[in-house]
Each structure stands twice: as structure tokens, then as C-alpha cells.
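The structure displayed is predicted, hence computed values, not measured ones.
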Amino acid sequence: MASLFLDFPCAVSGGAKVRQVTWCGVEPICAVVTDDNRISFYLEEGICLEECKIQRKCTATAAAWHPKAKLIASGWEDGHVSVWSIGTAATCCFASDKKHARSPLRVCAWSPSTTRLVTGDGSGTIIVWKADGRGGLSEFREYVAGSGVTCAAYSTKSEGPSVFFAGTSNGSVYAADDLGQAHEVTTLGARIDHMLFYEAKQRLVVLTRALVLVQLEMTREGRAIPVMKMKVSVAGGGADRGVRHVCWAGPGVIAAATGEALVRFWNLATDETYVLGLATARLERTARVASVAFNPLQRYLAVGTRDGRIAMWRFLGDYQRKPSEDVTTSAADWEAMPHSTACGGPIEELAWGPGQGLLAAASPDGATSLLSETVLHRLLRDDVGAIQLSTDTVRVERQNGASAVLRTDISIRGLAVSSRHIVAWNGQEARVYEWVAGDPRQIAKFPTTARAMALRDDTLVRTSTNLVELCNLQGVRKQKIPFSDGEGSPTHLDINGNFLAVATDTGLIKIFQVDRREPKQLGSPGRFDLEPATKQPGSPKQQQQQQQQRKAAMNTNQRKKTGKAIRSIKCNADGTRVSILADHVHGSSVRICEPDSRLHVYDTDRDVVDAHDFGAVRRYPVSHYWDPLEPKLLACETRALRSAATSSDATARQRVSDAVKYSSLGLSNDENRDDEDSQKEKEALETRSKILEKKLARSAEEEAGAVIEVTTLFVTADHGMLLQDVFALEAPLEALLGVQVPRLFFTRTGASPPQQQQQQQPPEETKGEHKEAARAYGDVGLCSRVMRDFVGLDEADEQTRAALLNFSYYLTVGNMDEAHRAVRLIKSPSVWENMAHMCVKTKRLDVAEVCLGHMGHARGSAAVRLAKDQASEVEARVAAVAVQLGLRNDAARLLRECRRYDLLNELYQAAGEWYLALDTAERFDRIHLRSTHHRYALHLESLGQYDAAARHFELADTHRREVPRMLVARGEQAALERYVMRSEDAELLKWWAGYCESLGHLDSAQTCYDKANDYFNLVRVACLANDVPRAADLVDEGRSAAGAYHLARHLEGRGDVTEAIQYFAKSGCYNHAIRLAKEYGLDTDLMQFCIKARPSLQVECAHYFENKGEFEKAVQLYQKGGDLAKALDLCFKVGGSGRAEMFEVLANISKDIDASPAVLARCAEFFIEHDQYEEAVKLYIRGGRFGPAIALCVDRNVKISDDLAEELTPEKSEKIPASERTEILVELAKALKKQQSWGLACKKYTQAGDRPRALKCLLKSGDTKNIIYYASVSRNRDIYILAANYLQSLDWHASTDEAQALVKKIVEFYTKAKAYEQLASFYDAFSQVEIDEYRDYDKALGALKESKAQLDKLPRSSQDKDRRIAALTHRIAIVTDFVQARKYEKSDPDKMVSLCTDILQRRDVDLAIRVGDAYALMIENHHANGQPQDAFALIQQMRQRSIVLHPYIEQDLLEQIHKAVGAEPPTDARRGTDSRHTDDEEDDEIPDEILDDTSDAGSHHK
């Protein structure tokens, strides 16, 4: 609906200056703070509430309305804080005492929860007040900042304590909460002018006096993290005075008044900036911005200027985004609205109020105005239509043409009509008028604050707080319909016949029947759940189930938080359905309102809400009307959402620009035209450009849809909401007013334009002026249009009308059989044409044929039959019907659906829409792009537009033939020459050069050949002139093979054989070069050319060289010519005669040839015969004969290197069986063993899968590191045993780290192999080493125990297991006792002697310990105790046992003992033998024994 802003001046006391204006959030009450110590209050029409003025002895410095009550908090110059309740009078609810009177108060701010009030003064004192619901305050917290407080902002974070921020004059930012925690967040070094809280990202936005914009992200610990800091650029001294006004202009978007001729925007979400100039609102260039304010619910931006103007813009972009997406805005999203003039001076204060467009504006000199937006209403009831023309004027008109103009003495805020009465109200009082004939007359007036009213005959229905009242025309209540607090307050009404629909602010919907004495509620109340759109299931039953689940899951409080608001409701004819329009409201601190793209319908029978979403076509509904008699017919007016221009538009415009910028052909009659004719042609080209651009614009509008469209729908329980018809609303129709079958009613502006004007749409910027002018002359009225299915039968009787309505319904449903049955007796061609049109939409080709027959459309019937034969797609066949019916847009749509762009291209060509045809061909039908350009060129040629035709012939790539034809047909040879010379087409230039050459114009021909880079013809012309040097230069420059050949023939004819041969070679004609070389005996050049010649020539030349005895060249050429057999035979023949150089030739051939194995074998035998064994091996390998190759290496002792070994290894493939490959690898490994290449042999055995043999080879190499690695990765028992046996042969018993590592590996390998017997033997050997070499009986005892443990693991079936365990147990006992005896050596010598004596008497003691160690232990003890006789006796026993004394007893000790007993000193201490050891104890390593241990171990392992 259109709207106007009315200016209501406020009577401010003379001389007072306005310091602040602020609106109450509950009711439209504006508070004006002036410097005469007053706070005045005004209603929306500028009426001053004298009883509510607040006055003290000092000036108010800050004021803030309570967000949810008519309470205002004020701060004063003396530091006092007070809270006032505004009702019939201003009542003080709280006033601070003298202890708080410190410094002028600068900041007052309510918390979002309304339970706290924050105040800050000029000294830096910040007080948090605790507020109750009646306005009482009590001091809660007090904080002290470093300097005066300049601004404050609350965090909108819902969790945790309430947090607020305060900015100071020295640039500090403080954060504080209700828990007494306060700290300095950051210091910015300049006065803090503005603070805003960015709700979406929970950031604090700060703007300083130094024009620095900072974003601070607050952590949970209270620390501030700067996420963005930038210097704001402001022209003209802005850094001195700062930015006076900033406000949110959307989620994350800040608008700032910087004193320039523009408004600056900062998008914090995307870090983008842009400006909006005042010139877009049609203000003077000298205008400067002084203030700015944004209304988020209506998305209006108001800007006050220094010369008293108020510019306004409406945001048309899309604020709604996914949570992960940021809002992107630009200056193109703001649409300028008519500007206003107010206050008469600089407007430095702007504030938006609650409700419908309330704006307060004030200048410093005290002039204050309240601007109120008035929506111009329009409605249709019965046969009366009412159209509001201005704030106090309404035009009423009946369908029979009678009309009148009603002027009231109030500003109309609402309008209701019936067949005889009109009600207008302004929110304070209402006027009732009666209109029967002539001018309407006032019959009643009464006070009312109703938000909505409706008329039914003599009954007036209006809303109250929790009531719906049914009154008479004098406003006296007759009945009432109460609503509970849970149901909410009624906000919207609608009456249709005998039924009244009511909607409340909680989404409750009730329907009443009001034709009785008392209103009767129909059914149970419904709920309109204001939640985001979800995809509805297919069937109505599924929709009902989903709706009931959603309804059960939500309570009243949840509904209030959904973020939507009902905009309007309409009731259908039988009271079973209510259509609803709603708005999205999202955000907390900045509540943005956006229209919902869905049309909702509440069905009382099913208790569900159906919805039709216009968002898919980028539209949203603005009004909706039910038919007063047909309950299922609904009409809706929609408007297009604003969308960015597509890149295809720019491409099309570029194509249009290219189409009109043709190069002139320079025809002969052009030379005689004067400047005036040239100017006319230029204007004609510009006109053609404009026409094409208009067509382009119209095409873009057709694709995007009209700005305003009317949609009719059928709404039923079985089929839901179905589109019946959609059409664009064009001038002079302005808006939909209602539907009454068979007509749709509209408001119009002006008379219908002439036919020629209808074809050309007026520019968008002139439409508004046209409407304003029409309203100024009263040329606004009611008009109607027959619905599509009733064309030609709009005056039919009721029965025919019902049949047509059923016909329309069944067509919409898609039931063509029932539709045909409904109108089969109607003879009107228009009905059948409508049905045929619907068949196009439903794609019912069979019914379309019947309709065409009833219409008598013979050509259409023939086209349908032809389409059936030629097109396989249903859409393409239906498109043929659409073409015959004149539905070109539908035909184009159908062809696009089936992707038959070739037919769409032909359609556009046939319709003369060449720019669309070219666009379609370029984007989708490129296979026909050239043919389309060609046909368009022929079309332009027929119109005499030869320049454009030539351009499109070029695009079609047919200009080489068509342009000369076109110009020759006109006799324009000179123009043709200019066209050819101007073009860069080589073929066209060569054609023209040939034409000039035929005329003998060689210079012109050379020029054209040169421009075309045709070096052949240039050389030909030079040879024709016998200019050989120039021809040679041209050949060298252009590298033309044809030119070189032509020059060579020319030189041959002159007898220059050498040069001729060279140019024949350059041209690639080596046969001619060879021919001349052979003919003149130039063998040196001949071989050079033979290498590059074709194979047949190479064989021929090879025979030539063979006859001359140059066998190497002959063999090489035979090979390159493909005659391999001849080349080999020649090698064998010549090589057999003793020419050694042929071996090298044959070897080179064998590297390059890809011959059969037999040929390769023959070559190999040839090499063997001549002792060339390595070459023979390579040939055997190439022939795949690996066995003979290996045998040759063995027999002839050919060293097998790493590379040769790899070549002798066949690849895994299907050609060689796996078993054969394994045999080859084994033979290769044996050969490598014979050559003692142990590493390679190991590798080949491994590849053959024989890992034990591989390890044996590795053992022979002695590479311990690789042996350990190989055994570790092989995971084979035999390999583990072999590796362990090998490691035992090393020096593992040395006292080094390497020896210890070897012991660990030996134990590890035996353990992994489960070779318990070998491991037991190793532990036994280990114990003997510890005893013999280190006398470490403790370690030896441990090793013996481990040996016994391994023997225990042997199976019971093992041989001698028990005997070996018993023997080992006996040894362990002896060693154990001897270890114990050694421990008693110092503590209990007698017991030690007793134990040693006992040990020496046991059997096989010498197998367990060294007997000499026991004797030595006792001898040393007796000597130490002074018993030399006993010691000597023991020495004698050792001698009797043939024990060598020296390893056990020191020589000095022996001498002392012998001297003590008087015996001769010993001379044979080093003689004698140990009963356990001999001199040849250590044997050399025997590898065979290592290898044989694996078989022994295997016999004891399960």
C-alpha cells in the first residue's frame, strides 16, 4: 500500500533548545528534553500532554524509557536520578537523595531484562540501580571510572550475570556486571563517542572522537580481544568534532552521520564500506547530513540535514541469511522515498517511535515535529470500493459507476465500508458516514482506541484490549467476545458475509458466525505457529499430522519467541478457511522485519495451516481476498523481491553493443552523402541500439517477472493450494482490490492509455510521477477485469457461471475429463480456447486436439498432427499447440523444459526475435550458432542493412562467399576491394590476389599474398619473375614446404643441382633429392637424405650401397627401411668373412630391432661362433630364452653383474608360467653361487621363494647385519635356526656390547623358531663360557636353569629327554652348592670346606664345575687359617687328579705352602691336565655343522 508522512509540529516553549528526543516503547508517546529544565510529552499527532510535564530547578541531561512500561528514567544537571510514571499525569516513582548529587549525569541506560538501570556522571561514577516493576530504584553497585562517562551499552548475552560497558572521556572502556566485578577493558587514547553491542558476534563496537572504529570480542574471562581496528575517513574536519550520530542499519551494518553530503555505512560482518549520497533522494548538492535514525521493523532510514530536510530510504535487500552466512549490503539495496521538510532548521535529533512509521525530529532552536506515516487504504465490500487518496480524503465508488469523494476532519488511520456505510478512524476517535446517493454524510462519531474495525450492514466490529466488541453505528456496544490472557489480545479482524475471523497477538485464530443474536464460535480455536518454514509433506493428511505434532510441541511462550508477526487475515465465504499474511521478525537489539514469502491458509475442518511459498519465484504477497460467494477461490497480489542483475544481462548488452558497432562497407553511394545524412545514419544506429536495449530490458523483466502480479488460487482440503492463474499488473491498473466471480477488481490511476502506448512501457522513474498526477486530479477509481476462464461469458446466468467455475477448478486440478464434462454443452469458442490454453499448461495434448476442433482451428490441428510425427518429447508437441494459440512465452518455456533449444531457436527466428535467437544459440544451441548468424545476415540483407549483414556473415563464417556475392550483386566492386583489403581473412585475401594475378596486376597480387602470409604464391610469383634470391629469402623466412619445392623445381630446370637438392630436402621431397644425388653421384648427401626418406626409398638406397660395397650403410638403411631379414643376412654374410666391424653393426641392430625369438637366436649363435658371449647373452634375453642365457654365462664364465641379473630375471606376466619363472630364478641363483655373488644369489633365491637357500648364501657372505635383518623379516623357522647357528659361530662370549647383542639375537631367533633343544644347548654352552672364562658361577647357574626350562618344553617323544634333564638337574645341584660354598668363604669357612669336600666326592663333578676351583677355595682357606699341612694335602690330591695347578693357585701361594711344610718348591705348576679341558678344545668353524643343525632341530619340534 502507498503511504504518506504527515508533519505534526510540537508546541515547545519559546526559546528553549531541544537536547534529546526519545519514544516510549509501549505507546506512541514522545519525550522531548529541553534546556528550560523541562521534559515534555507529546502524542503521535503532536498533542502535548500538559499534565505530564516534568520540571525541576536544573536541566535534564539524560533520559531513557523503560522498555516494557510507561516509565522514564531521567538524569539531571545536579546529579539526581528520578523515575517517572506517565499516565494521566507524571508521577514520580523514585528520586535519588543528596548523597548521589555529585556531578551532572551523562548516561542513563536500562538493561535488556529491565531489572537494572545504569547511570554515569561527569566525574566517572557509575551506579547500577536495582529496579522493580513499578519504577522504584535501589542502589545495587557503584563503580568509579578514571574520567567522565560519555556512553554505555549493555551486552545482550542471555547467560550469566548482566554485563555492561562504559566509555569515558579519556578513551578508556570499562566492563562491569551485577556481581561487583569491574575492570578496564582497553584504552583507545581518545574520547569514546559511541558504543554499540554487535549481537550476532557478541562484540563491542566503539567509535572514538579520533574517528577510530574498533571491534572488541569479549572472552569468558573478561578480556577484550581486538578483532578489527580501522580509521574512519571523513571529509572536512570530521576528526575535530567526531561523528555526531551512529545507528544500526541492519544486522552488523552501521550508518553514520558525518556532516558530509552522504551517509556512510560500515558492514562489520564483511568488513566492507559504502556510501549513500543525498543526491539519490533528490536533495541539493549543498545539503549536509546532521543526524540519522533507522526503523528496523519497517526498514526505513531517516536522515536529517542542516537545511531542515528529512531524506528517507527503504531497504529492499535481504537481511535474512543462514547462520553461517554474513549479510552483504550495498547502496543499490536502498530505495529513495519522497523527502520531507520539518523544523525549519538543522535537524540534529531524529528518533523512530513504535507502531506504524512514527518519527520525531528536532532542531537545536527548539523546533520539534512528529512525522506520522499514514497508509493509504483500499478495500472492496459488496459492490462498494473505497480508495484513500490522502490523509483525510477517500473516494468511494460502486460497481455501477456511481462515485463520491469523502473528506473527513481527522487523519485517517483505518477504514471500513459496507454497502451503505463508511467508517474512518485515527486511533483516538471514529467517524461514521452513510452513502446512498450523492455525497456521503456523517451520521455518528465516537471516541475509540481500537486497533482494527470491520462493518457488516449496521453492525460495527472493533477490537479492544482483551475483547472484540459488536457495536451499533454510534459506537454503543451490543455484544462482546472476550479473550483470555493466554489467548492474547485481538489485533486483526475480517468479515466475509456472515462470518467473522479474529487473530490475536499470540497467533490464536477464531471464527464466529455473526448473523445470530449472539456470535457463535465455529469449531475450536486454531493456532498459527509463527516458526520458520519447513517443507510440507505431499498429502493433506500428512500435513495435518505434521501440524498437530508441531502444535502439541509448542506452548504459548514459545510462540511469542518465534520471530514472526501476523500482517493481515481474510475469511472465506463459508467460514472454513482464513488466509494469513505474516512478517519475519528476527534479532534482539535490532529487530528486523521482513515480509514472509508464503501465503498461509488456516483450514478449520482439518485444523492445519497450508502454505503456498512465492519465494521460489522471488516474490512475496502484499494483499489477499476471498470471493464473497465461492469459498475455495482466493486472489493474491504479489510483488517481486529485489535481486541483483545477472551476468547474462551484461553479456546480452555487450552483444547488443557489438551488434550496432558495425564497420561500414563504404558503398559507392556513401561517398555522395553529406554530413546531414551521416548524422541521420548515426542516429539510426543509436535508435536501433536503444530498441535492442529496450527489448533486452523487456526480456529481463519477462524472465524475472513483473514488479506486481496477481495470482488466483483454489484452496481445497483434498488438493491443498493450487495456482489457477498468474498475470502481471500493468498500467493503468495499480493494485488488486478484491475478487467477485467472474471479475477481479483493481484500483486504477488515469484512463487507459492508447494502444500504441501500451506496447511501450513507461520508464520506471516516471511511474511514480504519473500516479501522483492522477491522484492530484482525482483520476483514481475502481475498475474490473474478467477472469481468464470467463472471457466472453461474463454476463452469463448463474448456472453457466457455476459450470465455468467448475470448469476452471477442474482445469486447475488437472482433471481434464471433468473440465470437459463441465462445459461440453457450452458453444462459446472462448471457453474452448481457455481450455486449450490450460491444456498447454497441463500438457494434455489429447484434450488440446478436441479444443482446437471446437474452436475450428484447422491450422492448429494440422500443426499438432505434424508435431506428433516430428517431435518425440511431449513438451515439444505441446509447444506446437502453444505457438498456434499465440502463447509464445509458454511455447518457449516448454521448449526450455525439454531442452529442445534448436526448436526454441527456430521459434525466435520465426517470430523475428533475432536477439533472443542469437542468445539461445550462443548459450545452449551452439551447433546452430553459425546458421543463426547466417539467417540473420540474410534477413539484414533483405532490409538493406549491408554493414550489419556483413558482420553476421563473418560470425557465421560464410563471409568469404556471401559478402562478395552480396556486393557483386549490387555492382560494388570497389567496396568489395576495400572490404577484402580491410579484412584479415587469409582465404579471402588469397582469392582476391588470384583475381588480381589473373588480371596481370602482380604488384597487387603480391601485396595480398604478403598480407595473407601466403609464401608459396609469393615464391611462385618471384620465380615467375626469375627473382631467385628473393624466392630463396621467402622460403627461408616463411618455411613454406610448397614454396621450397617450387623453387627446387625451378633451380633444377636451371641446372643448379646442388641448390635444387637442398631445397628438395627443405620441402620434404626426399625422393627428388635422392634421385638427383644418385644421378650425379653425390653419395655424401645421399646418405643424409636416405635417413629421412620413406622406407621404400631407404631399401632402394640400401641396395645401391650394397652394390657399391658400403655394407655398413646398406645394413643401416635395410634396417630403417624395414627389411630386417636382408640386413641380418648381409651382416652374417659379411661378418662371416672376417670383417670385425660388422659385429658392432649387428650389435647396434640387435639393440633397435624388435624381431622374432628365432631371429634373435640366430644372431646370438652368430655371436657365440665369434666369441661375442656378452652380446649373445643379451640377445638370448631379448628373445626370452633365459635358460640358454644363464647356461652361457656359466659355461663361458660371463660375469653376471647387478644389471645383467635383473635382465635375466623374467617379469611376472601371463606369458611365463610361475613354475617356469621359479626354475629360471633358481638356475640364476645357482649360477651366481658359482660366481660367489652371494648377495645376488640370496636375492634370486628369495624371489624364487626359497628363503632357506637364500639365507645360506647370505651366511657364506659373512654379512652379519644383513643376515640378522633377513632372518627378522623372513619369519621362517629354518631361517631363524640357520641365523642363530651362524651367530653362535661368532665371538658372542666376549665381554662387549656387540657380543651381548649377538646373545640376545641368538636367544630371540631360537625362541621364534621354537627350537628348544638348540636353545638349551646354547644356554649350556653359555654357562660353560661363564665358568671357564669368567668363573662366574652365578650367571652359569642362571644359564643352566634356562637350559633346563627349554628342555622341559621338548615333547615327551623326544629322545633322551629325561636322561638329559636328569643330568642337567645333577649339574645344577652341584653348581648351586658350590655357589653357596663360595658365599660361606668368609662367614663360615668350616661349612664352606665341608660343602666343597662333599662336592668333590660326588660323581661327574667335573662335568658341572671346574674341580680346581673347589680345591683352590679350600687351599686358600687353609693357608689363611695357618694350616699349611691341610693345604698341601689338597695340592697333592690335585696332582693325583692331574689338575694343572697354575690356572687355580698363584705361584707365590704354592711356594709359601711348600716352604711351610718343608717340601721342594714346585716346578711343574703349569704342567698337568684338566680333567675337563684339552689343548685342542677350540675348533675352527665348520659351516656344514651350522647348516645340519636345522634338520636336527626339526626332529624335536612339533
Side-chain angles (χ1 to χ4, degrees), residues 1324 1326-1345 1347-1348 1363-1478 1481:
D1324 193 354
F1326 182 83
S1327 67
Q1328 290 302 128
V1329 170
E1330 293 296 329
I1331 292 173
D1332 294 340
E1333 296 187 8
Y1334 305 108
R1335 300 178 67 183
D1336 191 343
Y1337 284 91
D1338 291 327
K1339 286 187 178 181
L1341 180 60
L1344 289 173
K1345 290 181 179 179
S1347 177
K1348 180 178 178 298
R1363 181 185 61 79
R1364 295 173 67 184
I1365 291 177
L1368 193 59
T1369 303
H1370 178 69
R1371 291 172 61 191
I1372 291 173
I1374 294 174
V1375 174
T1376 303
D1377 291 343
F1378 184 68
V1379 169
Q1380 191 67 29
R1382 294 180 70 178
K1383 291 181 179 179
Y1384 289 140
E1385 180 180 3
K1386 294 182 179 180
S1387 61
D1388 193 352
D1390 294 337
K1391 191 171 183 179
M1392 181 268 293
V1393 172
S1394 176
L1395 284 174
C1396 289
T1397 303
D1398 180 62
I1399 291 171
L1400 293 173
Q1401 295 175 358
R1402 297 181 188 179
R1403 61 180 178 84
D1404 298 330
V1405 64
D1406 54 343
L1407 298 178
I1409 64 174
R1410 295 200 308 181
V1411 177
D1413 289 337
Y1415 279 112
L1417 189 62
M1418 291 187 295
I1419 290 171
E1420 290 175 357
N1421 180 65
H1422 286 315
H1423 176 72
N1425 293 331
Q1427 299 173 351
Q1429 293 295 338
D1430 294 338
F1432 183 77
L1434 292 174
I1435 292 173
Q1436 290 300 110
Q1437 292 180 15
M1438 291 179 66
R1439 288 174 175 162
Q1440 292 174 3
R1441 290 194 176 193
S1442 301
I1443 299 175
V1444 180
L1445 301 179
H1446 177 71
Y1448 309 102
I1449 305 173
E1450 298 291 337
Q1451 182 67 27
D1452 294 341
L1453 180 61
L1454 286 174
E1455 292 178 355
Q1456 292 176 12
I1457 293 174
H1458 280 76
K1459 184 178 181 180
V1461 298
E1464 289 293 330
T1467 59
D1468 57 348
R1470 299 182 182 273
R1471 296 169 58 187
T1473 61
D1474 194 325
S1475 61
R1476 294 177 59 250
H1477 300 280
T1478 60
E1481 181 180 5

Would you give the length of the straight line joining atom [atom1] of [X] to atom [atom2] of [Y], rounded to the nearest 0.5 angstrom?
{"X": "M1418", "Y": "H1423", "atom1": "CE", "atom2": "NE2", "result": "16.0 Å"}
{"X": "L1395", "Y": "L1417", "atom1": "CG", "atom2": "CG", "result": "10.0 Å"}
{"X": "I1409", "Y": "D1377", "atom1": "CD1", "atom2": "CG", "result": "9.5 Å"}
{"X": "R1382", "Y": "D1413", "atom1": "CZ", "atom2": "CG", "result": "7.0 Å"}
{"X": "R1402", "Y": "H1370", "atom1": "CZ", "atom2": "NE2", "result": "7.0 Å"}

Which pair of heavy atoms, one from [X] and one from [Y], lies closest together, and at what distance?
{"X": "M1438", "Y": "G1412", "value": "CE-CA, 4.2 Å"}
{"X": "V1405", "Y": "L1400", "value": "CG1-O, 4.3 Å"}
{"X": "E1385", "Y": "N1421", "value": "O-OD1, 4.5 Å"}
{"X": "H1422", "Y": "L1434", "value": "CD2-CD1, 3.5 Å"}
{"X": "E1464", "Y": "H1458", "value": "O-CD2, 3.0 Å"}
{"X": "V1375", "Y": "A1408", "value": "CG2-O, 3.6 Å"}

Subject >> Criterion side-chain contact (heavy atoms from CB on, under 4.5 Å) against I1449, the qualifying member of V1444, I1457, I1419, I1443 >> reply: I1419
Original post:
Is the Y1337-F1378 ring centre distance short of 6.0 angstrom?
Top reply: yes
**OP:** Check whether more than 12 heavy atoms from other residues, nucleotides or ligands sit under 6.0 Å from atom CD of E1450, and answer yes or no.
**Re:** no
Do the side chain of [X] and the main chain of [Y] share a donor and acceptor less than 3.5 angstrom apart?
{"X": "D1388", "Y": "Y1384", "value": "no"}
{"X": "T1397", "Y": "V1393", "value": "yes"}
{"X": "T1376", "Y": "I1372", "value": "yes"}

**OP:** Before giving the answer on side chain to side chain contact (heavy atoms under 4.5 Å, CB included), spell out for Q1380 and K1391 the whole-Å C-alpha distance, their side-chain angles and the decisive distance to 0.1 Å.
**Re:** CA-CA 10 Å; Q1380 191 67 29; K1391 191 171 183 179; over 6 Å; no
**OP:** Could you check if a side-chain atom of Q1437 sits within less than 4.5 angstrom of a side-chain atom of R1441, using non-hydrogen atoms only?
**Re:** no
Subject >> Student check: side-chain heavy atoms of L1368 and R1371 closer than 4.5 Å >> reply: yes
